[in-house]
Every structure is written in C-alpha cells, then in structure tokens.
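Contents: one structure, followed by commentary.
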Amino acid sequence: MRRKIVVGNWKMNNTIAESVELATAIAEKVGGDGVTCEVGIAPTFPALHEVGKVIEWSGIRLCAQNCHYENEGAFTGEVSTRMLAAAGCSYVILGHSERRQYFCETSQIVNRKVQKALAEGLSVIMCVGETLDERECGVTADIVTTQVVEGLADVTDITSLVIAYEPVWAIGTGKTATKEQAQDVHAMIRAKVAELYGQQAADHLRIQYGGSVKPSNAAELFAMPDIDGGLIGGASLNADDFMAIVEAAG
C-alpha cells in the first residue's frame, strides 16, 4: 500500500514572518491530528530555515521549490542541493510547469536537476503535465510520457522519487481535471514507469495530482487507485483548507 503524500507549494508568497505563522498553524494541526499521510510544505528560499525550525517536531517535511544542478559557482540567484540540505530540506520540487513556462526549463535541464538532487540525498517531486492546447490536440499521452522519459534519463533508482501530474490548464485557473481524467493520466504514467523500471518499482512509485485541488474535490481525486495525494498550490496558503485536503488523504 502506497502512503499518500500531500505537499503545499507556497510559490512566491509570504514573507518570512507570514511563512512562520502559516507553518506554525499547519504544524499544530498535523502534529495533533493523527494524520497518516506524509505532509510537506515548500516555502520560499528565504523562509526555509525559519519554517524548518517551527515544523521540526511535527513530522512535516520541509521542501524546496527548485534547485540548481551544480554544487556552487558563478550562478547568481541560484541555490544548490547542498544548501537546501543544510537548511533542513528533505524534498525538492523540480520541473514545475511555471519553471518550464516562465524560466524556459527544458526536460533536459529538469533531468540534470533530478540527477543532482537524488545523488545528494534529497527526495524529488518531479512535475509533468500538458497545456490546454496540447490536451485539445489529443497529445496529452505523448507530452506527459516524453516528460517522464526525458526527466528520468540515466536515473537508475526511483525509490526517492515522487511524480506530480499537473495539467498546466488546471493550475491556478479554478479548473480541475475530473477524477477520471486525472486517473487516466496517472495510470499512464505508472505504466510508462513500469516499462522503464519494472512493475514492482512502478507499484511503489507515488504519483500526486496537482491542479486546483481544494477541500471540495480532494477526497474524490484521492480515492482513485493511481492518485497518491496532491501537490497543492493556492489552497495550501490557508491552514484550514490545507488541513482539509490532508485529512482527505488520510
């Protein structure tokens, strides 16, 4: 049985003080609620250390929103996996559609980051997903499986990997894939991973759904056989909403 995982991606929101306040509220609820799923939160880089201190006792995983594929050097504005580990991170989100769309990250760049993060002992949430145009053109399967294959090139061990399927057309739009649409793509991803790594590895791989998940639709999404939790954007900025989603995951 795969343990579900729910991670809040706070994106470019909240000052350090606001992040600490939100993290404290979530930690109090997670720590005292008998939550069985794995829970993580991904604040901005400046807030990582302070948020890490307030969630330390709760079991919540500290996650980063991105990393570079080199240890150090002349890469102004970038953050290395070594720095993230030192700040207390156990996960890093890579290949988010906003990174691909706004910062021109290719699957090849994502792959370099995935390899680096795994090699340095961080767990990885690797995001894949199609745009609205791609879905309407009927190429969802091609786009998503290509992103999976290219993102995992030369990766031999996926035990510390989570894949997040996030249809780009459902992120921040209020639109959500139906549970059947999401399940179909999750099953397709698992089948592709089985081709690459074998059925046992695919059966153990956790695949999250991301795309306007909220308290009103979380339970029906998470009930699908291949959906193992969620990568939560806007709803993770409210402690009560986030906890309702966590509770829907178990």
Side-chain angles (χ1 to χ4, degrees), residues 1-44 46-65 87-93 96 98 123 125 127 162-167 170-179 182-183 186 206-250:
M1 178 68 72
R2 295 183 298 270
R3 184 186 182 197
K4 285 188 166 54
I5 177 170
V6 175
V7 174
N9 176 16
W10 294 358
K11 307 188 180 183
M12 197 177 72
N13 292 290
N14 295 337
T15 64
I16 295 174
E18 290 165 347
S19 296
V20 167
E21 182 180 4
L22 177 57
T24 300
I26 292 172
E28 288 172 352
K29 294 174 183 294
V30 171
D33 253 13
V35 170
T36 58
C37 70
E38 188 172 11
V39 180
I41 52 177
T44 59
L48 280 173
H49 182 65
E50 293 302 317
V51 167
K53 290 193 291 188
V54 301
I55 66 172
E56 195 172 21
W57 61 274
S58 68
I60 296 173
R61 304 291 190 182
L62 185 64
C63 309
Q65 297 180 19
C89 291
S90 52
Y91 278 90
V92 59
I93 301 167
H96 192 281
E98 291 157 2
S123 294
I125 298 171
C127 303
V162 175
I163 292 179
Y165 167 58
E166 38 159 38
I171 297 172
T173 63
K175 297 179 181 179
T176 309
T178 66
K179 61 183 187 293
Q183 165 60 24
H186 279 240
R206 293 182 294 178
I207 308 173
Q208 299 173 296
Y209 173 75
S212 296
V213 179
K214 42 193 178 287
S216 60
N217 62 21
E220 66 176 23
L221 286 164
F222 298 165
M224 303 307 287
D226 287 294
I227 299 180
D228 304 312
L231 182 59
I232 316 301
S236 70
L237 298 173
N238 178 286
D240 289 335
D241 286 350
F242 185 62
M243 278 308 301
I245 294 169
V246 168
E247 287 164 3

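Since the model is a prediction, treat every value here as computed from it, not as a measurement.
The closest side-chain heavy-atom distance from Trp10 to Leu22 is below 4.5 Å. Between Ile5 and Gln208, the closest side-chain pair of non-hydrogen atoms falls below 4.5 Å. Between Pro43 and Asn14 the shortest side-chain heavy-atom distance does not fall below 4.5 Å. Annotation: side chain of Ile26 is in contact with side chain of Phe242 (closest heavy-atom distance under 4.5 Å). Asn217 is not listed as a side-chain neighbour of Lys179, based on a closest heavy-atom distance of 4.5 Å or more.
For the pair Val54 and Ala23, the tightest heavy-atom approach, listed with the atom from each and the gap, is CG2-CB, 3.8 Å. Nearest heavy atoms, Leu62 versus Ala87: CD2-O, 3.6 Å. The two residues Gly250 and Val35 make their nearest non-hydrogen contact at O-CG1, 3.8 Å. Of all the heavy atoms in Ala248 and Ala218, the pair that sits closest is CB-CB, 3.8 Å.
The CD1 atom of Ile245 sits 11.5 Å away from atom CG of Asp240, with the distance rounded to the nearest 0.5 Å. Atom CD1 in Ile93 sits 12.5 Å away from atom OG in Ser123 (nearest 0.5 Å). In this structure, NZ on Lys214 lies 5.0 Å from OG on Ser216, to the nearest 0.5 angstrom.
Applying the side-chain hydrogen bond (donor to acceptor under 3.5 Å, both in side chains) test to Glu220 and every residue at least two apart in sequence or in another chain returns nothing. For Glu50, the side-chain contact (heavy atoms from CB on, under 4.5 Å) test picks out Ile16, Val20, Lys53, with sequence neighbours left out. Residues that satisfy the side-chain contact (heavy atoms from CB on, under 4.5 Å) test with Thr15, not counting sequence neighbours, are Ala17, Glu18. Not counting sequence neighbours, the partners of Ser58 by the side-chain contact (heavy atoms from CB on, under 4.5 Å) test are Ala27, Ile55, Ile60. For Asn13, the side-chain hydrogen bond (donor to acceptor under 3.5 Å, both in side chains) criterion is met by no residue, not counting sequence neighbours.
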Anything under 3.5 Å between a donor and an acceptor, one on a side chain of residues 227-236, the other on a protein residue two or more places apart or in another chain? List them.
residue: Asp228; atom: OD1; partner: Arg2; partner atom: NE; Å: 3.0
residue: Asp228; atom: OD1; partner: Arg2; partner atom: NH2; Å: 3.4
residue: Asp228; atom: OD2; partner: Arg2; partner atom: NE; Å: 3.1
residue: Asp228; atom: OD2; partner: Arg190; partner atom: NH2; Å: 2.9
residue: Asp228; atom: OD2; partner: Ile207; partner atom: N; Å: 2.9
residue: Ser236; atom: OG; partner: Ile232; partner atom: O; Å: 3.3
residue: Ser236; atom: OG; partner: Gly233; partner atom: O; Å: 2.6

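A donor and an acceptor atom, one from each side chain of Glu166 and His96, are located under 3.5 Å apart.
The side-chain hydrogen bond (donor to acceptor under 3.5 Å, both in side chains) with Asp226 is formed by just one residue from the set Arg206, Gln183, His186; it is Gln183.
A side-chain donor-acceptor contact under 3.5 Å links Gln65 to the backbone of Ala42. Judged purely by atom type and a 3.5 angstrom limit, Tyr209 uses its side chain to pair as donor or acceptor with the backbone of Ala177. Arg3 places a side-chain N or O within 3.5 Å of a backbone atom of Cys37 that can act as its donor or acceptor partner.
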